2 protein chains.
Amino acid sequence: MLTDRQRMILNAIIDDYIRSAEPVGSRSISKRGDVGFSPATIRNEMADLEELGFLEQPHTSAGRIPSTKGYRYYVDHLVNFNEVNEQDLTKVRSFFSEKVNEMEQVIQHAAMILSNLTNYTSILLGPEMFSTSLKHFSLVPLDATSAVAIIVTNTGHVENRTIQIPPGVSMEEMEKVVRILNTKLVGVPLIRLKSKLHAEMGQELDRYIDHCEEVLGVLDKALQSDDEHRIFLSGTTNMLTQPEFKDVDKVKTILDLLDETPAIMKMFSALPSGIQVRIGTENDQEAIANCSLITATYSVDGQSLGTIGILGPTRMEYGKVISLLNIISKDMALMLGRWYK
Amino acid sequence: MLTDRQRMILNAIIDDYIRSAEPVGSRSISKRGDVGFSPATIRNEMADLEELGFLEQPHTSAGRIPSTKGYRYYVDHLVNFNEVNEQDLTKVRSFFSEKVNEMEQVIQHAAMILSNLTNYTSILLGPEMFSTSLKHFSLVPLDATSAVAIIVTNTGHVENRTIQIPPGVSMEEMEKVVRILNTKLVGVPLIRLKSKLHAEMGQELDRYIDHCEEVLGVLDKALQSDDEHRIFLSGTTNMLTQPEFKDVDKVKTILDLLDETPAIMKMFSALPSGIQVRIGTENDQEAIANCSLITATYSVDGQSLGTIGILGPTRMEYGKVISLLNIISKDMALMLGRWYK
DNA sequence: GATTAGCACTCGACTTTAATGAGTGCTAAC
DNA sequence: GTTAGCACTCATTAAAGTCGAGTGCTAATC
């Protein structure tokens with residue numbers, strides 16, 4: 001579809017624009033070593049590329065900037081994936097060679113590293129619930145009517161929730177229930193916990209204790225997996241350093257979007273495995289129509305565990321970010337693989 | 001020190017400036033119903049007030065704006081504290097009459113309400129460690145070498161940490177240790193846990209188990225209270241709506257400051273009880289020299305539990321914010337009082 | 001003596017105009 | 001097919017001019 005020369009020129013324009021954030025003129029392309037043609041020739045090619053929809057002109061006498069289609073072609077065919085420099089690489093390596101105990105810490109820290117290395121905003125979704133299973137369930141009484149329910153997963157993640165003991169149910173009875181749960185439910189994936197509880201434990205419990213209904217109700221609440229605090233953001237203020245967002249109002253709509261858990265969940269829902277690039281208007285959310293979102297899922301044994309995302313302006317260092325995500329998602333999978341044994 | 005008329009004029013100027021964010025001229029003050037003097041008279045008084053340091057002039061032919069000293073006088077002597085409207089009040093009341101189980105949820109939600117009602121940024125510090133005590137300590141083994149240590153406090157708060165079992169120590173031994181800890185340490189304030197462990201338990205443990213040194217080391221790590229995730233922010237992007245922060249760079253230094261846990265801790269450390277107002281340069285942090293920080297501690301039985309803060313431009317609605325903080329800090333104390341029984 | 005009307009003056013904000021120059025498209029020569 | 005040359009476009013910047021809100025001071029008034 002495009003000639004070699006057109007590809008070369010398109011590549012040069014996008015590279016330049018990514019660096020400078022300014023419309024690129026024919027002269028500056030000609031002066032680069034790698035394209036040995038005069039400005040006039042390049043102008044002709046640029047006009048063709050614009051006609052084909054790969055470039056745009058902010059106004060008549062300005063240079064060209066890439067269109068969404070241009071970026072798309074660049075990402076699909078042109079970009080060079082070896083743009084991670086040695087320094088960054090060693091930083092990543094040393095991070096993943098460290099031994100860390102807390103999974104949340106790992107994720108939080110990984111988010112920080114990503115936003116630092118890229119100067120964009122990083123968004124991490126932690127390992128999904130359905131891939132972890134119950135390791136231990138316990139109940140710590142606080143007083144006569146309330147207790148803390150604690151759920152430990154096989155990955156060492158801990159969820160806790162305060163519950164009210166139903167009136168008429170004694171603490172001894174509750175402890176009996178907990179013992180039963182621990183013998184019957186250990187190893188069950190978290191996401192199945194609730195259904196399993198109802199399907200298989202109803203009669204079982206009924207035999208041992210009174211007030212079965214109320215107890216089940218409370219346990220339901222306790223086992224409700226809350227997926228609220230599983231989004232880790234880092235480098236949100238990096239958005240403010242991008243020249244395209246020097247306008248406060250624009251940046252506010254973006255930051256407000258990042259504050260909304262459901263919106264982020266929606267952006268990340270149903271992503272295909274591997275690396276995914278959504279450029280500008282390819283995103284559903286209007287607030288990030290000037291942004292690109294690059295996501296990578298990480299998985300162990302073919303099971304997707306979570307997602308890493310980088311949000312930046314459409315004028316993004318695609319090569320660097322994609323390479324980095326590739327590396328980190330794999331390291332992440334490796335590290336978590338050890339966790340899941 | 002100031003005449004009645006000067007106070008009245010100062011009050012009028014600050015009120016106007018808080019509403020408009022523009023330097024206030026003599027004419028506009030004169031036109032307000034409450035000050036019955038001609039612009040010329042007001043100009044004379046304004047000149048005096050400037051000489052006294054309560055007002056400033058951005059440039060010769062502009063109106064006056066309040067200085068830090070002016071705001072200080074306003075806050076100390078002039079501001080009207082009944083500026084919370086009915087609607088807001090009912091919102092607060094209905095929030096605190098709700099029954100909620102999770103303390104973290106309460107705090108997070110309170111932060112949201114505050115930032116919504118004020119349009120500034122709210123910062124909440126959760127109940128301090130030293131006021132909570134150990135309720136229960138448990139250890140859930142994950143595999144041969146690692147386990148999750150779980151600390152439940154008397155308030156139902158749960159801390160957890162993954163630890164490595166020292167080589168040579170068996171799980172049975174660890175469980176023995178946990179039993180001992182639960183009989184000896186329950187009721188001890190969290191902040192004293194570590195010192196108590198060393199001072200009183202050393203010999204005790206030595207008698208029962210081998211590898212005492214290593215076990216103590218691990219427990220140390222487990223009991224290390226991490227005070228990281230105890231800061232709750234809400235409405236950070238509200239900063240972006242203030243006209244004084246239309247400059248992206250200024251707002252970035254502020255948002256970056258809010259991202260730094262230690263900096264916030266420092267701002268909130270050693271606050272006297274009750275409401276505290278720090279105006280502009282009265283703050284240590286240079287990044288918020290154009291901001292005012294209003295804080296309120298909330299306490300039960302004279303014991304300070306935590307702090308609520310509102311950060312906004314120096315041109316802040318002091319009356320409203322202070323009244324609101326007064327109400328909310330009291331309601332918060334009440335609610336937590338029930339918690340601590 | 002306190003208040004106010006009047007007036008000259010200041011100075012930022014905004015508008016207008018002109019100059020600059022980066023970049024283009026087109027044509028004709030190579 | 002490539003490129004030099006040239007007229008043209010148009011955002012950006014600077015300079016000059018206008019406007020008006022607001023001041024300080026003086027002298028008249030209450």
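Just so we're clear, the structure is a prediction, and the values are computed from it rather than from any experiment. A, B, ... follow the sequence lines: proteins, then strands. Residue 1 opens every chain.
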| Which nucleotide of DNA chain D is the first, and which the last, in the 5' to 3' direction, to come under 4.0 Å of a heavy atom belonging to chain A? |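 That gives a stretch of D:dT2 to D:dA11.
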
Could you tell me if the side chain of [Y] sits less than 4.5 Å from the side chain of [X], heavy atoms only?
{"X": "B:Leu89", "Y": "B:Glu86", "value": "yes"}
{"X": "B:Arg278", "Y": "B:Ile294", "value": "no"}
{"X": "A:Glu45", "Y": "A:Leu10", "value": "no"}

| field | Residue pair B:Leu117, B:Val92: steps toward the side chain to side chain contact (heavy atoms under 4.5 Å, CB included) verdict | value | CA-CA 9 Å; B:Leu117 293 185; B:Val92 173; 3.7 Å; yes

| query | What salt bridge (charged side-chain N to carboxylate O under 4.0 Å, His left out) pairs are there with at least one residue in residues 58-69 of chain B, not counting sequence neighbours? | reply |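 Salt bridge (charged side-chain N to carboxylate O under 4.0 Å, His left out) check on residues 58-69 of chain B returns B:Glu50-B:Arg64.
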
| query | Near DNA chain D, under 4.0 Å by heavy atom, which residues of residues 11-20 of chain B? | reply |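 Those residues: none at all.
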
| query | Which of residues 34-64 of chain B have a heavy atom under 4.0 Å from DNA chain D? | reply |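 When residues 34-64 of chain B is checked for heavy atoms under 4.0 Å from DNA chain D, the hits, listed by number, are B:Arg43, B:Met46, B:Gln57, B:Thr60, B:Ser61, B:Ala62, B:Gly63, B:Arg64.
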
| query | How far does CD1 of A:Ile14 sit from CG of A:Leu55, to the nearest 0.5 angstrom? | reply |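 One finds 7.0 Å between CD1 of A:Ile14 and CG of A:Leu55.
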
| CE-CD distance between A:Met265 and A:Glu260, expressed to the nearest 0.5 angstrom |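 Taking CE in A:Met265 and CD in A:Glu260, the distance rounds to 13.5 Å.
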
| query | Residues two or more places apart in sequence or in another chain: which of them pass side chain to side chain donor-acceptor pair (under 3.5 Å) with A:Thr237? | reply |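 For A:Thr237 the side chain to side chain donor-acceptor pair (under 3.5 Å) partners, ignoring immediate neighbours, are B:Asp256.
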
| message | Suppose we screen for ring-ring contact (aromatic ring centres under 6.0 Å, His included). Which residues come up paired with A:Tyr73, at least two apart in sequence or across chains? | response |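 Scan of A:Tyr73 (ring-ring contact (aromatic ring centres under 6.0 Å, His included), adjacent residues dropped) gives A:Phe54, A:His77.
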
| said: Using the rule side chain to side chain contact (heavy atoms under 4.5 Å, CB included), only one of B:Ser234, B:Pro313, B:Ser292, B:Ser115 pairs with B:Tyr120; which is it? | reply: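 The side chain to side chain contact (heavy atoms under 4.5 Å, CB included) with B:Tyr120 is passed solely by B:Pro313 among B:Ser234, B:Pro313, B:Ser292, B:Ser115.
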
